[in-house]
Amino acid sequence: MKILVCTDGSEKSIKAVRKAAFISEHLDEVSVTLIHAYYLDTAIMSPHANGYVTGEILQHIDGEKKAEGEKILEEAARIFEEKNIKVNKVLVKGHPSTTIVEAAAKGNFDLVVIGSRGLGGLKKMLLGSVSNAVAQEAESTVMIVK
Ligand SMILES: Nc1ncnc2c1ncn2[C@@H]1O[C@H](COP(=O)(O)OP(=O)(O)OP(=O)(O)O)[C@@H](O)[C@H]1O
Ligand SMILES: [Mg+2]
């Protein structure tokens, strides 16, 4: 079974990682991929009072987001590795739901595991925009961890 586990480092995503690790432990043949998407908000590219954001600054932010993403993946990987389950780590640049749906289709994943909510603000709704879009758009089975 091929499982894709989505993480943004949030509490719910760690819960999803733990649940995926628990399930994987009970499967004979399992291949686990962790995915994190990092995104550069284009709003920062709009003119500022003191001029435009330079390419250099954008590159710096890109580097920071990348490093942050690597840490998030590392933290999730540790949870699997504690159970002696090997994982592939995928860090992608782009909108989370779009890249997750694409990766799920390309990699022919049987199951996508995702948290109900993430790092975002309002918690009134059961789902966040990423879990909602992935649940609707992915062709694979999606498990939403509450
Ligand atoms: N950048 C990301 N990369 C990989 N997975 C992500 C990413 N962002 C969110 N997820 C996955 O989606 C789950 C739900 O997060 P989501 O972003 O939908 O909720 P939210 O942050 O509360 O709301 P919103 O982002 O709409 O403000 C997370 O627990 C995580 O599993
Ligand atoms: Mg979010």
Side-chain angles (χ1 to χ4, degrees), residues 1-27 29-46 48 53-146:
M1 183 173 211
K2 283 190 79 178
I3 307 180
L4 183 67
V5 187
C6 314
T7 179
D8 61 354
S10 64
E11 212 175 294
K12 287 281 190 210
S13 79
I14 302 281
K15 204 173 163 195
V17 167
R18 288 193 192 285
K19 187 65 86 178
F22 174 78
I23 291 169
S24 302
E25 228 182 345
H26 293 85
L27 295 171
E29 263 184 54
V30 67
S31 157
V32 180
T33 299
L34 299 172
I35 187 167
H36 174 75
Y38 72 101
Y39 193 55
L40 280 194
D41 193 346
T42 45
I44 58 166
M45 288 159 92
S46 64
H48 275 216
V53 173
T54 63
E56 215 172 299
I57 291 173
L58 282 179
Q59 227 172 9
H60 176 76
I61 297 169
D62 192 278
E64 294 220 314
K65 293 228 166 188
K66 214 172 185 174
E68 196 183 308
E70 270 158 15
K71 263 197 224 156
I72 288 169
L73 285 174
E74 206 43 62
E75 188 191 3
R78 232 178 292 131
I79 292 169
F80 280 91
E81 283 157 7
E82 275 166 13
K83 295 181 185 288
N84 288 319
I85 301 162
K86 272 197 274 173
V87 292
N88 308 305
K89 285 171 278 182
V90 175
L91 183 63
V92 281
K93 184 173 174 175
H95 191 274
S97 59
T98 314
T99 52
I100 291 167
V101 168
E102 263 176 30
K106 267 195 199 147
N108 260 315
F109 285 91
D110 305 294
L111 177 68
V112 178
V113 181
I114 196 162
S116 56
R117 297 298 313 242
L119 295 169
L122 293 171
K123 304 286 177 198
K124 266 195 196 155
M125 312 275 276
L126 167 64
L127 300 177
S129 59
V130 177
S131 48
N132 184 56
V134 170
Q136 296 213 39
E137 292 162 28
E139 306 230 355
S140 328
T141 300
V142 177
M143 185 170 92
I144 295 169
V145 178
K146 290 209 265 180

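As the structure lists them, so they are numbered: ligands from 1, and atoms in each ligand from 1. These numbers were taken from a predicted model, which means no experiment stands behind them.
For the residue pair His36 and Thr7, the shortest heavy atom distance occurs at ND1-O, 2.7 Å. When all heavy atoms are compared, the tightest approach of Gly94 to Ala37 is O-CB, 3.8 Å. Here the closest non-hydrogen pair linking Ile114 and Ala16 is C-CB, 3.8 Å. Residue Val5 comes nearest to Ala20 through the heavy atom pair CG2-CB, 3.7 Å, listed as atom of the first residue, atom of the second, then distance. Residues Ile79 and Ala21 come closest through the heavy atom pair CG2-CB, 4.2 Å.
No heavy atom of Ala16 sits closer than 4.0 Å to any atom of ligand 1. Contact annotation: Ser116 has at least one heavy atom less than 4.0 Å from an atom of ligand 1. Distances shorter than 4.0 angstrom do not occur between any heavy atom of Val145 and any atom of ligand 1.
Comment: Glu11 does not engage Arg117 in a salt bridge, judged by the lack of any side-chain N to carboxylate O separation of less than 4.0 angstrom.
Summarising the geometry, atom CG belonging to Leu73 is positioned 8.5 Å from atom CD1 belonging to Ile35; distances are rounded to the nearest 0.5 Å.
Among all protein heavy atoms, the one lying closest to atom 18 (O) of ligand 1 is Val130 N, 2.8 Å. Closest to atom 13 (C) of ligand 1 among all protein heavy atoms lies Gly115 O, 3.1 Å. The single protein non-hydrogen atom nearest to atom 19 (O) of ligand 1 is Gly118 N, 2.9 Å, given as residue, atom name and distance. Among all protein heavy atoms, the one lying closest to atom 21 (O) of ligand 1 is Gly120 N, 2.6 Å. Residue, atom and distance of the protein heavy atom nearest to atom 1 (N) of ligand 1 are Ala37 O, 2.8 Å. Given atom 8 (N) of ligand 1, the protein heavy atom at minimum distance is Asp8 CB, 3.5 Å. When only non-hydrogen protein atoms are considered, atom 31 (O) of ligand 1 lies nearest to Cys6 O, 2.7 Å. In terms of protein heavy-atom proximity, atom 25 (O) of ligand 1 is nearest to Ser129 OG, 3.7 Å.
Proximity of Thr7 to ligand 1, defined as any heavy-atom pair under 4.0 Å, is confined to the backbone N, CA, C and O atoms. Under 4.0 Å from ligand 1, not a single heavy atom of Val134 appears. When non-hydrogen atoms are compared, ligand 1 lies under 4.0 Å from the backbone of Leu119 (N, CA, C, O) but not from its side chain. Counting heavy atoms closer than 4.0 Å to ligand 1, residue Pro96 contributes side-chain atoms (C-beta onward) but none from N, CA, C or O.
Figure legend: cation-pi geometry between Lys2 and Phe109, with NZ or CZ positioned under 6.0 Å from the six-membered ring centre and within 45° of its axis.
Taking any N or O of Tyr38, backbone or side chain, none lies under 3.5 Å from an N or O belonging to ligand 1. In terms of polar-atom proximity, Ser131 is counted as a contact of ligand 1, with an N or O under 3.5 Å from an N or O of the ligand.
Distances below 4.0 Å separate heavy atoms of Ser10 from the following atoms of ligand 1: 29 (O). With ligand atoms numbered from 1 in the order given, ligand 1 contributes 4 (C) to contacts under 4.0 Å with heavy atoms of Ile35. Those atoms of ligand 1 with a heavy atom of Ile100 less than 4.0 angstrom away are 4 (C), 5 (N). Residue contact check: Ile114 has heavy atoms under 4.0 Å from atoms 11 (C), 12 (O), 13 (C), 31 (O) of ligand 1.
Put simply, the side chain of Thr99 gets close to the backbone of His95: a donor and an acceptor are under 3.5 Å apart. Judged by distance alone, with hydrogens and angles left aside, the side-chain atoms of Ser97 form no donor-acceptor pair with the main-chain N or O of Val130 at under 3.5 Å.
Between the side chains of Ser24 and His26, no donor-acceptor pair is found at a separation under 3.5 Å.
Side-chain contact between Lys12 and Val145 is absent, with no heavy-atom pair separated by less than 4.5 Å.
Taking only non-hydrogen atoms, the option from Met125, Arg117, Glu11, His36 nearest to atom 28 (C) of ligand 1 is Arg117.
Paired with Glu137 under the rule side-chain contact (heavy atoms from CB on, under 4.5 Å), one option of Val142, Val101, Asn132, Ile100 passes, and it is Val101.
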